[in-house]
Amino acid sequence: IGKQQNLQQYGFFILDDLKTIFNSISITYFADFGTLLGFVREGGFMAHDLDLDIGVFANEDQKKHIKLTLEKAGYKLWRSFFLKDKVVEESYHYVKGEIEFKFDINYYENNADYSKTWLFYKDPIIQYQGNKRSVVEMTYSAIKGTTTIEIKGNSIPIPINSDRLLEEKYGVTWNKPNKDWIYWKSPAARTLDELGEFV
């Protein structure tokens with residue numbers, strides 16, 4: 001089964017599992033990036049999407065707790081993305097029988113004025129050493145909690161004011177598909193001088 005089919009077939013199963021896991025350790029999480037865009041704009045997973053994107057509010061201790069809890073539940077950490085010795089993103093794999101699945105957790109710094117997260121990318125003109133990568137810092141209006149959206153009988157947490165967040169992530173035309181979209185050129189993105197590293 002291809003990755004797109006896996007997402008369409010098992011995406012809600014994984015989201016339901018993650019809901020149980022995150023609720024059990026009192027972690028606030030929400031559909032993010034392409035997953036959020038698909039749910040709000042198209043009422044489901046986007047046809048070309050390959051994985052799940054989850055946003056999470058967590059401090060350093062909570063990040064460790066999340067990793068332990070996910071691994072205990074059968075998820076395998078594939079990559080951790082570090083910026084200044086802090087984990088800013090993690091990718092997990094779930095493999096069981098014919099289900100093979102990846103999801104990304106983007107960790108957010110959140111306060112009354114803004115919410116920030118970080119994305120790694122490979123600039124085609126840069127020669128990187130080892131696992132170093134360029135990083136964009138994404139700064140949005142403060143995400144002041146979550147609400148739920150009903151998608152095909154599933155209740156999924158999404159940020160309050162998702163429309164505004166999607167506009168900040170993807171620009172004012174966010175509700176029209178754009179096949180030329182480049183995520184590190186988001187209106188909210190600022191390229192950092194410092195490189196990040198994945199392990």
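Model, not experiment: these values are computed from the prediction. The first residue of the sequence shown is numbered 1, and numbering continues consecutively from there.
Taking CD1 of Ile27 as the start and CD1 of Ile105 as the end, the distance is 9.5 Å to the nearest 0.5 Å. Rounded to the nearest 0.5 angstrom, Ser162 OG and Trp174 CH2 are separated by 8.5 Å. Taking OG from Ser155 and CD1 from Ile149, the interatomic distance works out to 9.5 Å, rounded to the nearest 0.5 Å. Note: Asp123 CG to Trp184 CH2 = 7.5 Å, rounded to the nearest 0.5 Å. Here Asp180 contributes atom CG and Lys185 contributes atom NZ; the two are 11.0 Å apart, rounded to the nearest 0.5 Å. Distance CZ/Phe81 to CG/Asn131: 9.5 Å, rounded to 0.5 Å.
Contact of the Leu36 side chain with the Leu166 side chain is registered, since non-hydrogen atoms from C-beta on lie closer than 4.5 Å. A 4.5 Å side-chain heavy-atom check between Val136 and Ser186 finds every atom pair outside the cut-off. In this structure the side chain of Tyr108 never reaches within 4.5 angstrom of the side chain of Val56, judged on heavy atoms. With a 4.5 Å cut-off on side-chain heavy atoms, Arg41 and Pro177 count as touching. Proximity of Ile143 to Ile160: side-chain heavy atoms (C-beta onward) are nowhere separated by under 4.5 Å. Using a 4.5 Å heavy-atom threshold, the side chains of Leu50 and Lys102 count as separate. Between Thr28 and Phe22 the shortest side-chain heavy-atom distance does not fall below 4.5 Å. Within the 4.5 Å cutoff, the side chain of Leu119 has heavy atoms near those of the Met138 side chain.
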Take Phe33 and Thr117 through the test side chain to side chain contact (heavy atoms under 4.5 Å, CB included) and record every step on the way to the result.
CA-CA 11 Å; Phe33 290 105; Thr117 193; 4.0 Å; yes

Carefully, step by step, assess Leu70 and Ile21 under the rule side chain to side chain contact (heavy atoms under 4.5 Å, CB included).
CA-CA 7 Å; Leu70 283 168; Ile21 291 165; 4.0 Å; yes

Any chance you could lay out the side chain to side chain contact (heavy atoms under 4.5 Å, CB included) test for Asn154 and Leu15, step after step, and finish with the verdict?
CA-CA 9 Å; Asn154 300 275; Leu15 280 170; over 6 Å; no

Asn110/Ser115 under side chain to side chain donor-acceptor pair (under 3.5 Å): CA gap, chis, key distance, verdict:
CA-CA 4 Å; Asn110 203 41; Ser115 294; 2.2 Å; yes

Worked check of side chain to side chain contact (heavy atoms under 4.5 Å, CB included) between Leu18 and Tyr75
CA-CA 10 Å; Leu18 293 178; Tyr75 294 90; 4.3 Å; yes

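When every heavy atom of Glu100 is checked against every heavy atom of Asn6, the shortest pair comes out as O-ND2, 2.8 Å. Closest approach of Thr147 to Pro159, counting heavy atoms only: CG2-O, 4.2 Å. Counting all heavy atoms, side chain and backbone alike, Ile126 lies closest to Ser134 at CD1-OG, 3.7 Å. Smallest separation of non-hydrogen atoms from Gly43 and Ile151: O-CG2, 3.5 Å. In this structure, Phe101 and Gly11 approach most closely via the heavy-atom pair CZ-CA, 3.7 Å. Residues Gly171 and Pro187 come closest through the heavy atom pair N-CG, 3.6 Å.
Figure legend: cation-pi geometry between Arg79 and Phe198, with NZ or CZ positioned under 6.0 Å from the six-membered ring centre and within 45° of its axis. Under a cutoff of 6.0 Å and an axis angle of 45°, Arg133 and Tyr128 form a cation-pi pair. In this structure, Lys116 forms a cation-pi arrangement with Tyr114, its terminal cationic atom sitting closer than 6.0 Å to the ring centre and no more than 45° off the ring axis. Figure legend: Lys63 and Tyr107 shown as a cation-pi pair, the cationic atom lying under 6.0 angstrom from the six-membered ring centre and within 45 degrees of its axis.
With hydrophobic clusters built from ILVMFWY side chains whose heavy atoms lie under 4.5 angstrom apart, Leu7 shares a cluster with Ile54. Tracing side-chain contacts under 4.5 Å through hydrophobic residues (I, L, V, M, F, W, Y), one never reaches Phe103 starting from Phe120; they form parts of separate clusters. Both Leu165 and Ile158 are assigned to one and the same hydrophobic cluster, defined by single-linkage of ILVMFWY side chains at heavy-atom distances under 4.5 Å. Neither Leu83 nor Tyr140 shares a network with the other; the hydrophobic side chains, linked directly or stepwise wherever heavy atoms of I, L, V, M, F, W or Y lie under 4.5 Å apart, form separate groups for each. Leu52 is connected to Leu77 through a chain of hydrophobic side-chain contacts under 4.5 Å among Ile, Leu, Val, Met, Phe, Trp and Tyr, so both are in one cluster.
Taking the six-membered ring for Trp, Phe12 and Phe45 have ring centres closer than 6.0 Å. Ring centers of Trp181 and Tyr170: under 6.0 Å apart, within the cut-off. Two rings, from Phe30 and Phe57, have their centers less than 6.0 Å apart. Aromatic ring centres of Tyr10 and Tyr94 lie farther apart than the 6.0 Å criterion allows.
In Asp85, the CG atom is not crowded: 12 or fewer heavy atoms of neighbouring residues, nucleotides or ligands sit closer than 6.0 Å. No more than 12 heavy-atom neighbours from other residues, nucleotides or ligands sit within 6.0 angstrom of CD on Gln129.
Judged by distance alone, the side chain of Thr35 and the main-chain N or O of Asp53 form a donor-acceptor pair under 3.5 Å. Using modelled atom types, one side-chain atom of Gln62 and one backbone atom of Asn59 make a donor-acceptor pair closer than 3.5 Å.
For the side chain to side chain donor-acceptor pair (under 3.5 Å) condition, the pairs that include at least one residue of residues 187-199, sequence neighbours left out, are Glu137-Arg190.
Lys169 and Asp32 are joined by a salt bridge, as a carboxylate oxygen and a charged side-chain nitrogen come within less than 4.0 angstrom of each other. Between Glu71 and Lys67 there is a salt bridge, since at least one side-chain N of the basic residue sits less than 4.0 Å from a carboxylate O of the acidic one.
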